[in-house]
Amino acid sequence: MTDKELFDLCQKYGGEIRKWSNKFAALLPEVQKRRLYRKHKCCSIEEFAAKIAGFDHDKTRRILSLHKKLEDKPLLKAQIETQGWSKLRVVANIATPETDKEWSEKVEALPKKTLETYVSDLKSVPGDETQPAKWSKMNFKVKPETELRLRKFRQELEKERKESITLGEALEELLNRAEQSKKTYKPN
């Protein structure tokens, strides 16, 4: 077996681990509800998850806690199996039954890191010392693709500047670049 073939198999099997781990995590509440772990000589759901899937006790408790938080949010709860419990944990505390659909769309469309940044932005308080004075708060709808493009632009800026920036600062930079491009553009 060549190094490339070995690496390809590692990637394939590594990807399968995540897939099956997510599926197992989605089953845990039902296992707990039925007390299936006792039928298989385990003292607790944590012991069952450790023996069957190698989950540590904390991970099992976090997964079960997440399931409880998402009980009234069926679209998000259904995504545990496909998107992974740690990604859904990012939005579990701010999602509501009324925003279930919106958050499930964001979970589907955005990478975990972008979701974390988005949630962090929502939680940031105007007037915080880390933010410039005199901020206005805007609320408008954009297509998910546009939102994703703005967040990617922000991530590129953060890499470029080697510091965290807000979406407002990213939007400001985008507008500055557009204005600068307009000034330097000379039609033939």
Side-chain angles (χ1 to χ4, degrees), residues 7-8 10-12 14-15 17-19 21-22 25-26 58-59 62-63 65-67 69-70 72-188:
F7 179 72
D8 290 346
C10 288
Q11 280 190 311
K12 178 182 177 184
I17 286 170
R18 281 190 299 278
K19 174 181 147 185
S21 177
N22 290 342
D58 286 339
K59 181 176 183 175
R62 287 191 305 264
I63 291 168
S65 173
L66 174 68
H67 276 279
K69 288 177 184 176
L70 298 178
D72 58 349
K73 301 161 197 83
L75 296 174
L76 283 168
K77 189 174 181 179
Q79 289 180 311
I80 291 173
E81 189 175 322
T82 58
Q83 297 297 321
W85 69 273
S86 65
K87 188 174 182 183
L88 284 151
R89 200 168 156 220
V90 173
V91 301
N93 288 328
I94 61 171
T96 64
E98 295 77 28
T99 61
D100 184 29
K101 185 174 190 279
E102 293 168 40
W103 281 113
S104 67
E105 289 170 357
K106 286 185 184 353
V107 166
E108 182 93 23
L110 302 173
K112 182 181 175 189
K113 184 70 178 157
T114 306
L115 265 179
E116 288 170 345
T117 304
Y118 184 75
V119 169
S120 175
D121 286 348
L122 288 177
K123 289 180 177 179
S124 67
V125 180
D128 182 10
E129 309 79 54
T130 61
Q131 303 296 324
K134 298 184 181 177
W135 279 89
S136 296
K137 187 165 183 154
M138 295 178 67
N139 186 10
F140 55 92
K141 294 183 180 189
V142 295
K143 293 179 189 173
E145 300 83 20
T146 304
E147 178 184 13
L148 183 59
R149 288 173 60 203
L150 179 58
R151 291 190 182 286
K152 283 182 179 178
F153 177 74
R154 173 187 172 181
Q155 286 177 337
E156 290 170 13
L157 274 180
E158 288 178 333
K159 285 179 187 174
E160 188 179 295
R161 295 180 180 182
K162 295 181 174 57
E163 65 179 5
S164 293
I165 63 171
T166 65
L167 278 175
E169 291 168 321
L171 186 57
E172 182 179 15
E173 179 65 23
L174 192 59
L175 291 170
N176 288 343
R177 289 182 183 189
E179 286 173 0
Q180 187 61 34
S181 175
K182 196 175 179 180
K183 288 177 187 174
T184 57
Y185 175 73
K186 293 179 181 153
N188 294 343

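Fair warning: this is a prediction, and the values are worked out from it, not measured in the lab.
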Is any side-chain heavy atom of [X] closer than 4.5 Å to a side-chain heavy atom of [Y]?
X: Thr82; Y: Asn22; value: no
X: Asn176; Y: Glu179; value: yes
X: Gln155; Y: Lys113; value: yes
X: Ser86; Y: Lys112; value: yes
X: Leu88; Y: Trp103; value: no

Main chain of [Y], side chain of [X]: is a donor-acceptor contact present, judged purely on distance under 3.5 Å?
X: Thr99; Y: Glu102; answer: no
X: Lys69; Y: Asn93; answer: no
X: His67; Y: Ala25; answer: yes

Within 6.0 angstrom of Arg177 CZ, more than 12 heavy atoms from elsewhere: yes

Distance-only side-chain donor-acceptor flag, Thr114 / Thr117, under 3.5 Å: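 On atom types as modelled, these side chains do not qualify, holding no pair under 3.5 Å.
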
Donor-acceptor pairs under 3.5 angstrom involving side-chain atoms of residues 74-81: please list them, not counting sequence neighbours.
residue : atom : partner : partner atom : Å
Gln79   : NE2  : Ser104  : O            : 3.0
Gln79   : NE2  : Glu108  : OE1          : 3.4
Glu81   : OE2  : Lys23   : NZ           : 3.0

With sequence neighbours excluded, residues passing side chain to side chain donor-acceptor pair (under 3.5 Å) with Arg161: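 Only Glu173 meet the side chain to side chain donor-acceptor pair (under 3.5 Å) criterion with Arg161.
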
Charged N-O contact under 4.0 Å between Glu105 and Lys101: yes

Closest non-hydrogen atom pair, Ala170 against Leu157: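 Between these two residues, the closest heavy atoms are CA-CD1, 3.9 Å.
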
Side chain to side chain contact (heavy atoms under 4.5 Å, CB included) between Leu150 and Arg154, worked out: CA-CA 6 Å; Leu150 179 58; Arg154 173 187 172 181; 5.8 Å; no

From Leu70 atom CG to Ser65 atom OG, the distance as rounded to the nearest 0.5 Å: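 OG of Ser65 is found 9.0 Å from CG of Leu70.
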
Results of ring-ring contact (aromatic ring centres under 6.0 Å, His included) for Trp85 - residues two or more places apart only: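 In terms of ring-ring contact (aromatic ring centres under 6.0 Å, His included), with neighbours along the sequence ignored, Trp85 is linked to no residue.
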
Step-by-step side chain to side chain contact (heavy atoms under 4.5 Å, CB included) determination, Glu147 to Leu110: CA-CA 9 Å; Glu147 178 184 13; Leu110 302 173; 4.3 Å; yes

CA sep, side-chain torsions, deciding dist, call: Glu145, Leu148, side chain to side chain contact (heavy atoms under 4.5 Å, CB included): CA-CA 5 Å; Glu145 300 83 20; Leu148 183 59; 5.7 Å; no

